[in-house]
Amino acid sequence: MMNSGFDREVRFEILEHIGVLSTHSTGWNKELNIVRWNGGQPKYDIRDWDLDHEHMSRGVTLHEKEMRQMFDLMKKRRMENRFKREEPSAAPLPQQAMPAGVNDGFVQSPAREESFDEPVPQEMVPEEAFAEPEAEQAAVF
């Protein structure tokens, strides 16, 4: 049985391009954007896009509260890892190297690598980014 709901056109509007998370050797980028899908409420969106933003992969969309929860979880993880490293009995996890000559399809992003031990400067996450959203409309997919 075929679901005809998947045959309909999906409309989207990229309201804000926040940044590129990684670049594939194909030229597609994994990006973090704020996107309005089918005229609904804007959501944080993580997915791969072609250079013209005409084609996309499957991705993840997050409401404002979900994105805030993700930040909180990462901060909590950072703090827990900081304390674990101070314990002399904690052995480092073994690193697994990619075999020579294997191409994983990714190109290193030019963005600076940041350690999770470094505190996140407050100016990187403006408080207005976490303003309470207006009443959410139910999305129909």
For H53 together with W49, are the ring centres under 6.0 Å from each other? yes
Please test T23 against N29 for side chain to side chain donor-acceptor pair (under 3.5 Å), starting from the C-alpha separation and ending with a verdict. CA-CA 4 Å; T23 300; N29 294 323; 3.0 Å; yes
Just by modelled atom types, is the H55 backbone N or O under 3.5 Å from a matching donor or acceptor in the D50 side chain? yes
Can you check whether F12 reaches M56 side chain to side chain, under 4.5 Å on heavy atoms? yes
Any side-chain heavy atom of R47 within less than 4.5 Å of one from T61? yes
Joint cluster assignment, V60 & F71, ILVMFWY side-chain distance < 4.5 Å: yes
Could you state the interatomic distance from NE2 (H17) to CG (N33), rounded to the nearest 0.5 Å? 6.0 Å
Beyond-backbone contact of E31 with L21, side-chain heavy atoms, under 4.5 angstrom: no
Within the structure provided, determine whether M67 and L32 are in side-chain contact (heavy-atom separation under 4.5 Å). yes
Report yes if the side chains of I18 and I34 come closer than 4.5 Å at any heavy-atom pair, otherwise no. yes
Assigning hydrophobic clusters by single linkage (Ile, Leu, Val, Met, Phe, Trp, Tyr; side-chain heavy-atom cutoff under 4.5 Å), is L51 placed with I14? no
Taking the side chain as C-beta and beyond, is there a heavy-atom pair between V35 and Y44 under 4.5 Å? no
I need the N81 CG to M74 CE distance, nearest 0.5 Å. 9.0 Å
Separation between CD (Q69) and NZ (K76), nearest 0.5 Å, reads 9.0 Å
Between K43 and L62, is there a side-chain heavy-atom distance shorter than 4.5 Å? no
Taken to the nearest 0.5 Å, the spacing of E9 CD from R11 CZ works out to 7.5 Å
